[in-house]
Amino acid sequence: MQNRRKFIKLSAFGIPMLSSFGSLSRDFTTARGQVKPIVISTWDFGIAANQAAWKVLSTGGRALDAVEQGVHVPEADPKNQSVGYGGLPDRDGHVTLDACIMDELGNCGSVAGLEHIMHPISVARLVMEKTPHVMLVGDGALQFALENDFKKENLLTKESEKAWKEWLKTAKYEPVMNIENKLYDKAAPQKLPGNQYNHDTIGMLAIDAKGNLSGACTTSGMAYKLHGRVGDSPIIGAGLYVDNEIGGATSTGVGEEVIRNVGSFLVVELMRQGYSPEDACKEAVMRIIKKKPDIAKKIQVGFLALNKKGEYGAYAIQKGFSYAVCTSQKNDLLIDGKSYY
Ligand code: ASP
């Protein structure tokens, strides 16, 4: 089963090539049992994000810095219509961003419904480091960002505005599954009308040379959502959870179902009980399917997990969930992780 999986290999960070992948979970420990640095992240855009994170990890940097730098890449990419700048707006035309970050000490910070700021993950980090709080939302989050010298910018690109105006003609709220593969899979590029690129999140988990874990999660959320809607991505325990003793987990897909099941916390707790990263992700997916089988048939939710040993795994409701894995040896994209359907 596993060796039938395909993935894009970018050894030495070169040009992507299709290849097959033998095992989802590998032990990245040295001969002396020390865990080697590793970074993993969701979807095809994780490849470029991992490269940026790797620059930090490979020079002995902290996992927290690596995940922040890593997710900056999709946040600043105007072509990525589901994260940061260029994200598709809500129903009323506002680009509203959700992000959270968590370090090896259990510190965490989060912003939700943040507008006009290119890097919500860095605002989330500042909430964590400079305030007694965990989460700031909406205007308060913006005010905090501006007070801390973040620049106010227009994040709605012409392309995303056009897609939104097109969407307004029917104004149907229908999340499309796995759109990012079609956007970023260079092996099989496909052009969809802009109004179909309507969700996906970068969730990133890393272990640094000291063996410490951190994670980050950032998104523009579901396109054309109600103004004020917050997904799972900025919710600690739902979109992201890190426990430096055990491991970390992150999620993507329809956030409401992840929140209902406190998904990422669940994955980490299952790993604490001895589940492998992939089995823990699978169990979390099964909770969603068991509780709402009819809804689950039509939506995508994927979990990605990394344990303290450097083993990783993923599981999704639907086929097509991809994730990127970067170590000193490789920067691979798994484009057909395990799924229920
Ligand atoms: N989880 C995100 C949200 O619900 C969207 C996604 O990852 O597809 O906002």
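Counting starts at 1 for both ligands and their atoms, following the listed order.
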Same cluster (ILVMFWY, side-chain, under 4.5 Å), Val83 and Val39: yes
Would you be so kind as to tabulate the donor-acceptor pairs closer than 3.5 Å made by side chains of residues 286-293, with sequence neighbours excluded?
from   : atom 1 : to     : atom 2 : distance (Å)
Lys291 : NZ     : Asn261 : OD1    : 2.9

Given Lys225, Gln300, Arg229, Glu257, which one has a non-hydrogen atom that is nearest to atom 3 (C) of ligand 1? Arg229
Nearest protein heavy atom with distance in Å, relative to atom 5 (C) of ligand 1: Gly253 O, 3.2 Å
In the protein, what heavy atom is nearest to atom 8 (O) of ligand 1, and what distance, to one decimal place, separates them? His199 ND1, 2.5 Å
Please determine if [X] has a nitrogen or oxygen closer than 3.5 Å to a nitrogen or oxygen of ligand 1.
X      : answer
Gly255 : yes
Asp98  : no
Asp232 : yes

N/O donor to acceptor pairs below 3.5 angstrom from side-chain atoms of residues 134-153, sequence neighbours left out:
from   : atom 1 : to     : atom 2 : distance (Å)
Gln143 : NE2    : Glu147 : OE2    : 3.1
Asn148 : ND2    : Phe144 : O      : 2.8

Pick one of side chain, backbone, both or neither for how Ser233 approaches ligand 1, counting any non-hydrogen atom pair under 4.0 Å. side chain
What atoms in ligand 1 come closer than 4.0 Å to a heavy atom of Thr201? 1 (N), 2 (C), 5 (C), 6 (C), 7 (O)
In terms of heavy-atom contacts, Ser276 and Met271 come closest through O-CG, 4.4 Å
